[in-house]
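Letters A, B, ... mirror the listed sequences (proteins, then strands); counts begin at 1.
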Amino acid sequence: MADILQGLNNPQKEAVTTVEGPVMVIAGAGSGKTKALTHRIAYMIQEGINPFSIMALTFTNKAAKEMKDRIMKLVDPHAARNVWMGTFHSIFARILRIEAQHLGFTPDFTIYDTDDSKQLINAILKERELDTKAYPAKYILHRISMAKSALYTPEDYCNNFEIQQQDLRANKPLVGEIFKSYNNRLQRANAMDFDDILFYTNVLLRDFPEILYKYQQRFEYILVDEYQDTNYAQYLIIRRIAAMRENICVVGDDAQSIYGFRGANIQNILNFKNDYPEQKLIRLEQNYRSTKTIVNAANSVIDHNKDQIKKKVWSDKEEGELITVLRATSDNEEGTLVANSIFGYKMSRQLNNKDFAILYRTNSQSRSIEEALRKQDIRYRIYGGLSFYDRKEVKDLLAYFRVVINPHDEQALLRIINYPARGIGKTTIERLMVVADERQKGIWDVIASETEPMPNDFNSGTVTKLRNFATMIRSFQTLLDKQNAIELAKHICNTVGIIKVLKEDDTPEGVARVQNIEELLNAIMEFSDKQVDEVTGEQNTVTLNKFMEDVALLTDQDKKDDEDDDYVTLMTIHSAKGLEFPYVYIVGLEENLFPGIQSLSTREDLEEERRLFYVALTRAETKLVLSHAESRYRWGNLTLSEPSRFIEEIDPSLIERTKKASFRGTSSFNEGVNFSNPFSKSFQTTREFQKRTTQSDTPYINKSAQKTESSEKFNSSDFNPASPDEIVEGMIVLHQKFGQGRVEKVEGVGPNKKASVFFDECGTKQLMLKFAKLNILKQ
DNA sequence: GATTGTGCCCTTTTT
DNA sequence: GGGCACAATC
């Protein structure tokens, strides 16, 4: 026990040892919040509390996993494993599967992701002949999500005066009706969306006292991480389960509440003391992560917010370096400056790629940064954006699995009924849907029904095709319990012919798709291995079912985390929450981007945006670099931008003032900045750099590369490259960086001539011939 | 019924 | 600058 408390400061110790009763920990950024939580759980286990009776709710799967790993290092790993630890969604989906029959679902209900929901909405709109412009799926889903998070049923929604007024004002009076159909369809498909998981958990705990009692008994101790980001539905679940014993510990920081847009309610944290008058309030205010400069900068920013619990976050680390602000003329130059800066620091300070993170407001900003990093040969990894599980081919295969497990899953069924093509076309599907609707059943019931025959107006060929499809799905279903996940997955894959179809496409994209399918199969295998490992000795077969339960709630964030790999991290600020890096770059600090244009209308929205900036600042341990561009391409056209107000909100004494542009300046702020600072960059380095960019061509050739076109003559004297006209298919060529390769395809004319070259070392690359310097080795 | 072509949105942020 | 829904064509 002594070691568990060792190395903790006093408030942390208090948070760890106050096991009984309601506790709220207000934890400033970097104040050792996770440490307090993990040590608390370890302490509880060591005190003899049954791990099965502890429920710890986190915001992401990743956070849960990390905490579990840390606890396993503190106490008996077997015990640690038994703690109920996970996201709200994963823990309560688990419980809902156990209790599904009470709610009119079966235990293998499907979880619809946003994409499925969107498609379902669009299908409903089509049926009702509503214009998708008047009723954008996104808007409707947002409304529905808000309603569900506030525990409104479709009926509540329609009967609520205020809500109806809002929809009326937005000229969308039918949202409530669409909500009704949407929910009906979900139910018919034996499916829940993300919000339903929380909604139905509440229904379960509200309407079934004996079930509520059961879980109150089981979960004697409740911990909630990131409490500031909980919404009403989550709040009420906690409240209900904790009601009996009130052994509840919530940890959060109001200054880091950044999920208001999806219904998170900051009031939950502010009201904790009303809900639990006996509460003990513990403040963690010492920041162990960052330098004084960084902490003070963050404090000066958050001071501009009106809504906040006043606290004093402080650091007793060194002052540290001032914050650098980079000013670029364009988004591409911003990328270049950031890449150069990283390169400079790496060289001068012996740092690794993984010491750096580049954070941005929106995923779309990653492009220009990526391009620049590639040119500097800096390895990076992007988190978020299109996730692995969002790729089309992955979703297709998963849809097969979904249908096999739950044939009423209509979104999945529609996805695969004619993929790979088996002659079941649009008209057939439309007619099926009509019949299904008449019978108040799903499509599956129509095509698989033994008793009710297919309507006469289907021709016999179509009926055979449908029957064959149904028979195939059924044959998979019989294997569900008999075969383990990976065997069945492979069997489905082969029988259906997905890989065969994909292999017909030998473009780079096609090859990537096959690889993705293989990766998915690997993931299933890994999952199976892990399951066996976890239950020591016990070898329980992992069914596909089991895998699919997990997969719906996985995101990219949770995927492999190769610690040893050396990559610069690129991610949105939202996904960076909870992480820390020595060097942090926050890019795109411009008005209308960060703060975003949509947040400028109300104070609340602007304050959330400011908290987001606060989160970004406080990720840094050693050094912060901010950047903004004066112009930026947004959805195709050039827009001019002012520097963000947030830059000015930082105490100016903490910022290294970049002098107004003097390109020949020989300034020396510090050794690392020579590369990074546009104003200290000598003319020589500029040239040097341009040379690099023109030589090492990548598929990403566009504006920035074109800018350097003027210097091409200057460069080309060094080499003896073939002229673009000479390059034809079948040639063996040599590229400066990619080495030897074979020209597979040439397209375009004149200056736009492009070639696909397969390089032995790095696969196929698209090259713009006017930039790529290729030596012809063999005609 | 499938394949190719065209126009139209779009960009917050995520379980 | 791109992905996706729908339309036109084979």
Side-chain angles (χ1 to χ4, degrees), chain A residues 57-64 86-93 111-115 117-119 122-123 125-126 132-133 136-138 141-142 145 148-149 192-198 226 229-231 233-234 257-264 331 359-368 383-387 389-392 418-430 461-462 465 509 551-558 571-577 588 592-600 605 608-609 611-613 615-616 632-639 700 702-703:
Chain A
L57 297 164
T58 60
F59 200 63
T60 62
N61 293 303
K62 192 177 172 186
T87 62
F88 275 88
H89 288 85
S90 67
I91 295 268
F92 292 112
I111 297 170
Y112 273 12
D113 65 18
T114 316
D115 216 53
S117 300
K118 214 174 121 192
Q119 281 173 30
N122 278 325
L125 291 176
K126 204 164 180 184
T132 46
K133 272 164 218 136
K138 241 187 112 176
L141 275 176
H142 181 244
S145 175
K148 286 184 175 176
S149 307
M192 295 192 190
D193 66 18
F194 286 133
D195 299 306
D196 280 338
I197 295 174
L198 305 176
E226 309 281 13
D229 288 327
T230 52
N231 62 27
Q234 291 168 323
S257 161
I258 54 175
Y259 283 95
F261 69 93
R262 87 177 201 215
D331 47 356
L359 309 180
Y360 34 78
R361 176 70 239 262
T362 65
N363 276 308
S364 59
Q365 287 168 257
S366 68
R367 277 185 75 101
S368 52
Y383 293 80
L386 51 130
S387 127
Y389 292 101
D390 283 341
R391 310 234 166 97
K392 183 187 171 300
N418 197 33
Y419 180 85
R422 51 175 73 87
I424 302 174
K426 211 165 82 184
T427 20
T428 308
I429 291 169
E430 263 166 26
T462 310
K465 286 173 193 162
E509 297 82 34
V551 98
L553 298 170
L554 279 184
T555 64
D556 243 21
Q557 320 286 315
D558 314 319
M571 54 169 61
T572 63
I573 301 166
H574 281 88
S575 17
K577 192 162 84 150
N592 298 336
L593 179 61
F594 192 20
I597 192 154
Q598 72 297 327
S599 66
L600 298 178
D605 287 347
E608 174 149 320
E609 206 78 353
R611 292 193 293 269
L612 192 58
F613 185 49
V615 168
R632 175 177 300 277
Y633 274 92
R634 295 240 255 169
W635 49 93
N637 33 14
L638 197 68
T639 42
Y700 296 86
N702 57 19
K703 295 145 242 140

With a 3.5 Å cut-off and heavy atoms only, can you find an N or O donor on one side and an acceptor on the other between the side chain of A:R361 and the base of B:dT13?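 Checked by distance alone, the answer is yes.
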So what does [X] hit on the nucleic acid, given a heavy-atom distance under 4.0 Å: a base, only sugar-phosphate, or nothing?
X	value
A:N418	sugar-phosphate
A:K138	sugar-phosphate
A:S90	nothing
A:Y259	sugar-phosphate
A:T362	sugar-phosphate

Using OP1 and OP2 only, check whether a side-chain N or O of A:N363 sits under 4.0 Å from B:dT12.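 Checking B:dT12 against A:N363, no side-chain N or O comes under 4.0 Å of OP1 or OP2.
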Check whether any side-chain N or O of A:T572 sits under 4.0 Å from OP1 or OP2 of B:dT14, and answer yes or no.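 For B:dT14, OP1/OP2 do have a side-chain N/O of A:T572 under 4.0 Å.
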For the pair made of [atom1] in [X] and [atom2] in [N], what is the distance, rounded to whole Å?
X	N	atom1	atom2	answer
A:D331	C:dG1	CG	P	11 Å
A:R367	C:dG1	CZ	P	6 Å
A:I111	B:dT14	CD1	P	19 Å
A:N122	C:dG3	CG	P	19 Å
A:H574	B:dT15	NE2	C1'	13 Å
A:D229	B:dT13	CG	P	17 Å
A:N231	B:dT13	CG	P	20 Å
A:F594	B:dT12	CZ	P	15 Å

Can you tell me how far the [atom1] atom of [X] sits from the [atom2] atom of [Y], to the nearest 0.5 Å?
X	Y	atom1	atom2	value
A:N592	A:R632	CG	CZ	11.5 Å
A:I91	A:T58	CD1	OG1	8.0 Å
A:L57	A:Q234	CG	CD	8.5 Å
A:H89	A:M192	NE2	CE	11.5 Å

For A:F59 and B:dT15, do the ring centres fall under 5.5 Å apart while the planes stay under 30° apart?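 According to the criterion (under 5.5 Å, under 30°), no, A:F59 does not stack.
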Name the residue closer to the 5' end of DNA chain B, choosing between A:T428 and A:H89 according to the nucleotide with the nearest heavy atom.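 Result: A:T428.
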Please figure out whether A:D195 or A:S364 has its closest DNA chain B nucleotide nearer the 5' end.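 Mapping each residue to its closest nucleotide by heavy atoms, the 5'-most match is A:S364.
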Given [options], the nucleotide with the shortest approach to the side chain of [X]:
X	options	answer
A:T87	B:dT14, B:dT15, C:dG2	B:dT15
A:T427	B:dG1, B:dT12, C:dG2	B:dG1
A:T114	B:dA2, B:dG1, B:dT15	B:dT15

Interatomic distance at P, C:dC4 relative to B:dT13, whole Å: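 One P to the other, the span is 15 Å.
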Both conditions, 6.0 Å and 45 degrees, for the charged tip of A:K577 above the ring of A:Y259: are they met here?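 Judged by the rule, A:K577 and A:Y259 form no cation-pi pair.
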Closest heavy-atom contact between A:D229 and A:A264?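 Residues A:D229 and A:A264, closest heavy atoms: O-CB, 3.4 Å.
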